[in-house]
Amino acid sequence: MNEKFNILVKRMPERLKEIKNKPLLAKDELWGIPQKGVYVFYENNKALYVGRSNNLKLRIQQHGRKSSTHNQAQLAFNIANKVMEQGTKIPRYITRKQKEKAPGFDRAFFEARRRVSQMKVRVVGIEDQIEQALFEIYAHLALNTRYNDFSTH
């Protein structure tokens, strides 16, 4: 296996401990966070979603903004999608565009963005893009987050 990959993989448990030891921050407490890295959204002390960005503050805020689109507010989109699927208001295997046009989806998405805006987040600074990507997947698996979706769209 590639030596750099091996080094990064060995670093993953250390990164997980690091992010778990970070304080839970509200959306108005994001000053001083690193520019680049990985974030985890929490609700009632339960990890729900892991993401990564090269502009952490902006990216975290986008998830809960009223004006954010489904691409900017992926966590809210995933929450709305699960709500709609559980209520059998939309079939599971339709396109994103079809979901957005489904009756009631806009309301579910609005409520999900409001919900996300109230969540807390933990952040760890990671400069390297490959390490960010590996840690995003590792943290999702280790924390058993409910709303990550690594399928392409």
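Heads up: numbering here begins at 1 and tracks the sequence. Atom set for the values below is all heavy atoms of this structure, side chains included, hydrogens, waters and symmetry mates excluded.
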Enquirer: Give me the one residue out of Gln129, Lys36, Gln35 that meets side-chain hydrogen bond (donor to acceptor under 3.5 Å, both in side chains) with Asn54.
Expert: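 Option passing the side-chain hydrogen bond (donor to acceptor under 3.5 Å, both in side chains) with Asn54: Gln129.
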
Enquirer: Just wondering, more than 12 heavy atoms not from Asn44 lying within 6.0 Å of its CG?
Expert: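 Not buried by this count: 12 neighbours or fewer within 6.0 Å.
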
Enquirer: Less than 4.5 Å apart, side chain to side chain, heavy atoms only: is that true for Ile130 and Phe135?
Expert: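 Not touching, per the 4.5 Å side-chain cut-off.
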
Enquirer: Taking NZ, NE, NH1 and NH2 as the nitrogens, is one of them in Arg15 or Glu18 under 4.0 Å from a carboxylate oxygen of the other?
Expert: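 Glu18 and Arg15: salt-bridged.
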
Enquirer: Hydrogens and angles aside, do Gln62 and Arg65 bring a side-chain donor and acceptor to less than 3.5 Å of each other?
Expert: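 Per modelled atom types, Gln62 and Arg65 side chains form no pair under 3.5 Å.
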
Enquirer: Please give me the minimum heavy-atom distance between Leu75 and His63, naming the atom from each residue.
Expert: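 Closest heavy-atom pair between Leu75 and His63: N-ND1, 3.4 Å.
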
Enquirer: Under the 3.5 angstrom rule, does the side chain of Ser53 hit a backbone N or O of Asn55 as a donor-acceptor pair?
Expert: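 Looks like yes, one N/O pair under 3.5 Å.
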
Enquirer: Indicate the atoms forming the closest heavy-atom contact of Leu143 with Lys46, along with that distance.
Expert: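 Closest approach of Leu143 to Lys46, heavy atoms only: O-NZ, 3.8 Å.
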
Enquirer: Looking only at non-hydrogen atoms, find the nearest pair between Met12 and Leu8 and report the distance.
Expert: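 Between these two residues, the closest heavy atoms are CE-O, 3.1 Å.
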
Enquirer: Does the side chain of Leu25 come within less than 4.5 Å of Val121's, by heavy atoms?
Expert: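 Counting from C-beta outward, Val121 and Leu25 do come under 4.5 Å.
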
Enquirer: So how far is it from Arg146 CZ to Leu48 CG, rounded to the nearest 0.5 Å?
Expert: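 Going from the CZ atom of Arg146 to the CG atom of Leu48 covers 8.0 Å.
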
Enquirer: Does Glu14 reach the main-chain N or O of Arg11 with its side chain, forming a donor-acceptor pair under 3.5 Å?
Expert: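 No, because the side chain of Glu14 does not come within donor-acceptor range (under 3.5 Å) of the backbone of Arg11.
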
Enquirer: Assess the residue pair Arg122 and Leu24 against the criterion (side-chain contact (heavy atoms from CB on, under 4.5 Å)); give the C-alpha distance rounded to whole Å, side-chain angles, the decisive distance to 0.1 Å, and a yes or no.
Expert: CA-CA 5 Å; Arg122 285 193 169 111; Leu24 283 169; 3.6 Å; yes

Enquirer: Are Arg115 and Glu43 within salt-bridge range, i.e. N to O under 4.0 Å?
Expert: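 Between Glu43 and Arg115 there is a salt bridge, with a charged N closer than 4.0 Å to a carboxylate O.
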
Enquirer: What's the separation between atom CE in Met119 and atom CZ in Arg114, rounded to the nearest 0.5 Å?
Expert: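 Answer for the CE-CZ pair, Met119 versus Arg114, is 10.0 Å.
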
Enquirer: Examine distances only and state if a side-chain atom of Arg59 and a backbone atom of Gln72 form a donor-acceptor pair shorter than 3.5 Å.
Expert: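 Answer holds: yes.
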
Enquirer: Salt-bridged, Asp149 to Lys82, with N to O below 4.0 Å?
Expert: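 Salt bridge absent between Asp149 and Lys82.
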
Enquirer: For Asp128 and Gln132, which I'm curious about, is there any donor-acceptor pair between the side chains at under 3.5 Å?
Expert: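 Side-chain D/A pair, Asp128 to Gln132: absent.
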
Enquirer: Can you get from Val38 to Leu58 by hopping between Ile, Leu, Val, Met, Phe, Trp and Tyr side chains that sit under 4.5 Å apart?
Expert: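 Result: no, two separate clusters.
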
Enquirer: Tell me, with the steps shown, if Asn81 and Lys99 meet side-chain contact (heavy atoms from CB on, under 4.5 Å).
Expert: CA-CA 8 Å; Asn81 190 37; Lys99 288 175 184 181; 3.2 Å; yes

Enquirer: What are the two closest non-hydrogen atoms of Ala76 and Ala112, and how far apart are they?
Expert: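 Scanning both residues, the minimum pair turns out to be O-CB, 3.2 Å.
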
Enquirer: State plainly whether one hydrophobic cluster holds both Phe110 and Tyr147, where clusters connect Ile, Leu, Val, Met, Phe, Trp and Tyr through side-chain heavy atoms under 4.5 angstrom apart.
Expert: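 Phe110 and Tyr147: separate clusters.
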
Enquirer: Taking the six-membered ring for Trp, are Phe77 and Phe109 parallel (under 30°), tilted (30 to 60°) or perpendicular (over 60°)?
Expert: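 Aromatic pair Phe77/Phe109 classed perpendicular.
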
Enquirer: Let's go through His140 and Tyr49 carefully: what are the C-alpha distance in whole Å and the side-chain angles of both, what is the deciding distance for side-chain contact (heavy atoms from CB on, under 4.5 Å) to 0.1 Å, and is it a yes or a no?
Expert: CA-CA 7 Å; His140 157 66; Tyr49 181 85; over 6 Å; no

Enquirer: Say you draw a straight line from OG of Ser117 to CG of Asp28; how long is it, rounded to the nearest 0.5 Å?
Expert: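 The OG atom of Ser117 sits 10.5 Å away from the CG atom of Asp28.
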
Enquirer: Shortest non-hydrogen contact from Val123 to Pro34?
Expert: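 Nearest heavy atoms, Val123 then Pro34: CG1-CD, 3.9 Å.
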
Enquirer: Side chains of Val40 and Lys22, heavy atoms from C-beta outward: is any pair under 4.5 Å?
Expert: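 Counting from C-beta outward, Val40 and Lys22 never come under 4.5 Å.
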
Enquirer: Using atom types as modelled and distance alone, determine if a side-chain donor or acceptor of Asn148 lies under 3.5 Å from a backbone N or O of Val50.
Expert: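 Side chain of Asn148 to backbone of Val50: a pair is present.
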
Enquirer: Distance-only, no hydrogens or angles: does the Arg113 side chain make a donor-acceptor pair with backbone N or O of Lys66 under 3.5 Å?
Expert: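 Checking the backbone N and O of Lys66 against the side chain of Arg113, a donor-acceptor pair under 3.5 Å is found.
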
Enquirer: Go through the steps for Thr95 and Gln98 under the test side-chain contact (heavy atoms from CB on, under 4.5 Å), then give the verdict.
Expert: CA-CA 5 Å; Thr95 68; Gln98 290 171 318; 3.1 Å; yes

Enquirer: Specify the closest pair of heavy atoms between Ala47 and Tyr42, including all atoms of both residues, with the distance to one decimal.
Expert: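 Nearest pair, atom of Ala47 first, then Tyr42: N-CD2, 3.5 Å.
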
